Amino acid sequence: MIGADVPYAASLLKAGKLVAIPTETVYGLAANALDEKAVQAIYLAKGRPQFNPLIIHTNSIERLQEWGLKVPEQAIKLANAFSPGPISFVIPTSNAIPEIVTAGHAFVAVRIPNHPVCLELLSMLPFPLAAPSANKSGCISPTTAQHVADQFGTQIPYILDGGACHIGLESSIVSFANTNPQLLRLGGLAKESIEKVLDCELSISHIQNNENPQSPGLLSRHYAPQTPLLLDLDLEVNQLGNMHQLGCIRFQHLHPDIPPENQYILSEMGSLDEAAQHLFMAMRLADSRNFKYLLAEIFPAHGLGLAINDRLKRASIQL
Ligand code: TXA
Ligand code: MG
């Protein structure tokens, strides 16, 4: 059921149930992070491999102390600048956090989401929420309550509706597991903004596909539509067959050779933030049209363009 009843959502979570929650990045599939059984239900519902750890969410950085978590100084610096916001911090875990949340790692990912409905919910709870994106494992993250309902139907008892997510990409993940901070996932906060506050250049982890990846969301194929997606680099579109069977995801301008009604422009005014907000929605809509192939443009490589290109690359195939 989709609804906007925050106290009801809180009561379900307190009873160990799953609730889909709105955040500014994407919708999450949430459960009490301190309740192993409830967390287990998240893995089951998503079909998520057990080695892939979860981010925990609460309504302030200070509250993390309640669960014995100590936030490193540099993470505090970032939190002061950007939390609540689209950034997660990987910090040392504590005894209060069950191993199932961290997949046995010595570090846990934490995040303060910037969404009024979500913050209200989190303030009503005596525990943090473990919440991966509310999609089946490997699929596109949901940016509306309806996307969640489309995939999970009655499998989860309640979907808390907070409208369309205004960032539209998952959080950027910064790890403090090593001496130097590392960017584990490009996301809704631009790399340049993070680097400015930390006053250093961040290396991006390129872990592809091993048994126990540091951030398994970085598996090489991820966030994928059903329709084969091709990155339009130097592609000869007329080799792909009938133009009417091709769909297209573009930044600002139409592809000259493909019918306009098959194309999804992410930002007419050329804003990468707006493009990020529309990306997953466009991927879903285009996917539902049963095209033979989807073509996506490479976006400008700065700001959220980097994260957009990252998601498109993971969603794509090579001919
Ligand atoms: O914006 C977001 O981050 C959304 C919303 C719901 O908060 N959540 C999200 O969760 O995208 P998920 O599970 O779909 O992606 C979390 C990523 C995964 O790639 C996971 O491997 C990584 O974070 N991760 C979680 N805990 C980690 C840890 N302790 N160390 C390293 N990576 C971790
Ligand atoms: Mg995810």
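These figures come from a predicted structure and were not determined experimentally. Indexing begins at 1, ligand by ligand and atom by atom, following the structure's order.
Donor-acceptor pairing under 3.5 Å is recorded for the side chains of S133 and N135.
Residue contacts with ligand 1, taken as heavy atom pairs separated by less than 4.0 Å, involve I173 solely via side-chain atoms from C-beta onward. Contacts between L184 and ligand 1, counted as non-hydrogen atom pairs separated by less than 4.0 Å, involve the side chain only. At a heavy-atom cutoff of 4.0 Å, ligand 1 is contacted by no atom of H115, backbone or side chain. When non-hydrogen atoms are compared, ligand 1 lies under 4.0 Å from the backbone of A131 (N, CA, C, O) but not from its side chain. Heavy atoms of E170 found under 4.0 angstrom from ligand 1 belong to the backbone as well as the side chain.
Distances between N or O atoms of N52 and those of ligand 1 include at least one value under 3.5 Å. Considering backbone and side-chain atoms alike, T25 places an N or O below 3.5 Å from some N or O of ligand 1. In terms of N/O distances under 3.5 Å, ligand 1 is not approached by K46. An N or O contact shorter than 3.5 Å is missing between L169 and ligand 1 by distance. Residue-to-ligand polar distances place R48 within reach of ligand 1: an N/O pair is separated by less than 3.5 Å.
Residue F107 approaches ligand 1 through these ligand atoms, each under 4.0 Å from one of its heavy atoms: 29 (N). For ligand 1, the atoms lying closer than 4.0 Å to a non-hydrogen atom of V108 are 29 (N). Contact atoms of ligand 1 toward A109: 25 (C), 26 (N), 27 (C), 29 (N) (distance under 4.0 Å to a heavy atom of the residue). Near S171, meaning under 4.0 Å from one of its heavy atoms, ligand 1 places the atoms 1 (O), 2 (C), 3 (O).
Under the 3.5 Å distance criterion, the side-chain polar atoms of H147 are left unmatched by any main-chain donor or acceptor of P142. Counting only distance, with no hydrogens or angles, the side chain of Y27 and the backbone of Q146 share no donor-acceptor pair below 3.5 Å. The backbone N or O of N180 lies less than 3.5 Å from no partner atom in the side chain of N178, so there is not a single donor-acceptor pair. In terms of modelled atom types and a separation under 3.5 Å, the side chain of R48 and the main chain of N52 share a donor-acceptor contact. Using a distance-only test at 3.5 Å, with no hydrogens or angles considered, a donor-acceptor pair links the side chain of R311 to the main chain of L186.
Taking a 4.0 Å cut-off on heavy atoms, T102 fails to register as neighbouring ligand 1. Residue contact annotation: H105 has no non-hydrogen atom under 4.0 Å from ligand 1.
S133 lies close to the Mg ion (ligand 2), since one of its N, O or S atoms is found at a distance under 2.8 Å.
The line from CG of L304 to CG of D310 is 12.0 Å long, rounded to the nearest 0.5 Å.
Exactly one of R111, H166, E170 qualifies for a side chain to side chain donor-acceptor pair (under 3.5 Å) with T23. That residue is R111.
The other members of the hydrophobic cluster of I265, by chain and number, are L254 (side-chain heavy atoms under 4.5 Å, ILVMFWY only).
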Quiz: residues 113-121 side-chain donor-acceptor pairs under 3.5 angstrom, not counting sequence neighbours:
{"unit_1": "H115", "atom_1": "ND1", "unit_2": "V117", "atom_2": "N", "d": "3.2"}
{"unit_1": "H115", "atom_1": "NE2", "unit_2": "G162", "atom_2": "O", "d": "3.0"}

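Ring pair F89/F176 is tilted by interplanar angle, where 30° to 60° counts as tilted.
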